[in-house]
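Comments concern the structure below.
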Amino acid sequence: MGSSATMGKLELGDYVVYENKMFSSYEVAVGPLGAITRDSHHELYFQCRYADTAVAALAVQLASNNPPMPVAASGPLMVELRLGSGQCVTKGCVQAQAAYTSYYTDADYPVTKVLREPVYVEVRMLGRTDPNIALILGHCWATSSPHPSSTPQWDLLVDGCPYQYDRYLTTPIPVDGSSGLQFPSHYKRFVLKMFTFVDPDSKAPWREKLTAADSCEPRCTRQRRDVAAAGRESSHKLAVVSSGEIIFLKKP
């Protein structure tokens, strides 16, 4: 059969009758002076009867799709470097954890430290609530002045790893869910041993102020949707932050 056509609808008592006609198609060859076919032509007429004793209600409910994932976009990122001042006050306390229960304020600087005394450093991202953002420490160093680009300098972390030519390696401190922080990936912590710069010629120690500086690279990593195109434009944003001044104190 080639096609069909509904001819009409009749209501006969408790029945609804649909009439339909079906007919076959056939191939026609058309020439310059006429047209022919070699196919037989068939037509079929029929009726369908449906009981009309009840009315059925049809309910339709549309299910909404989950909202799309947010599109990655560039935006301001604020980063802060601060020094932990917490102290262990109970037996069995871990100083590397207690140090980050409180921090030096602007009024506390310059901070005085003894040579080789641990200095607990924290770098954190401010004003962000996206758990997919991770703070990566790139280059961390110390200078003898508040200006991060001044010299002399001493590397603390290089590409996020302890500076291998330092006898007293900087120690990264893991920050995970056990830290009690709402967004642990927004924080980085490490501890260094206090030192002072020496004169490049006489090798005599300087009684100078020490400032820790850090070059941070906040990276946005999506866990579900591929945003490589957006990442190529905005995932590498550098920010340089510094601490207050630290003065070393000779041991008696």
Check step by step if side-chain contact (heavy atoms from CB on, under 4.5 Å) holds for H186 and L135.
-> CA-CA 5 Å; H186 296 187; L135 179 65; 5.5 Å; no

Is there a side chain to side chain donor-acceptor pair (under 3.5 Å) between Y103 and E122 once you walk through the steps?
-> CA-CA 9 Å; Y103 300 87; E122 177 183 275; 2.7 Å; yes

What's the verdict on side-chain contact (heavy atoms from CB on, under 4.5 Å) for L83 and Y109, showing C-alpha distance, side-chain angles and the deciding distance?
-> CA-CA 10 Å; L83 304 182; Y109 290 100; 3.5 Å; yes

So H139 and D155, side-chain contact (heavy atoms from CB on, under 4.5 Å) or not? Walk me through it.
-> CA-CA 8 Å; H139 184 198; D155 287 331; 2.6 Å; yes

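Under the 4.5 Å side-chain heavy-atom criterion for Ile, Leu, Val, Met, Phe, Trp and Tyr, F190 and M125 are members of the same hydrophobic cluster. V79 and I173 are assigned to two separate hydrophobic clusters, defined by single-linkage of ILVMFWY side chains at heavy-atom distances under 4.5 Å. Tracing side-chain contacts under 4.5 Å through hydrophobic residues (I, L, V, M, F, W, Y), one never reaches Y100 starting from L81; they form parts of separate clusters. No continuous path of ILVMFWY side-chain contacts below 4.5 Å connects W141 to Y120, so the two sit in separate hydrophobic clusters. Hydrophobic clustering, with ILVMFWY side chains joined whenever heavy atoms are under 4.5 angstrom apart, keeps V175 apart from L126.
Looking at every heavy atom in both residues, V119 comes nearest to K113 through CG2-CG, 4.3 Å. Across all their heavy atoms, P174 and P172 have their closest contact at CD-O, 3.8 Å. In this structure, S150 and H147 approach most closely via the heavy-atom pair OG-O, 2.7 Å. Considering all non-hydrogen atoms of both residues, I133 and S185 come closest at O-OG, 2.8 Å.
How far OG1 of T151 is from CZ of F197: 9.5 Å, rounded to the nearest 0.5 Å. K188 contributes atom NZ, which lies 10.5 Å from atom CG of L157 (distance to the nearest 0.5 angstrom). In this structure, S102 OG and Q87 CD are separated by 8.0 Å, a value rounded to the nearest 0.5 Å. Here the CD-CG distance, from E117 to L192, works out to 10.5 Å after rounding to the nearest 0.5 Å. Distance check, rounded to the nearest 0.5 Å: CG of L169 to CD of Q164 gives 9.0 Å.
For Y163 and W154, the distance between ring centers is under 6.0 angstrom.
Residue L137 is tested with L156, V121, D159, V123 for a side-chain contact (heavy atoms from CB on, under 4.5 Å); the sole match is V123.
Through direct or indirect side-chain contacts shorter than 4.5 Å among Ile, Leu, Val, Met, Phe, Trp and Tyr, F183 is connected to no other residue.
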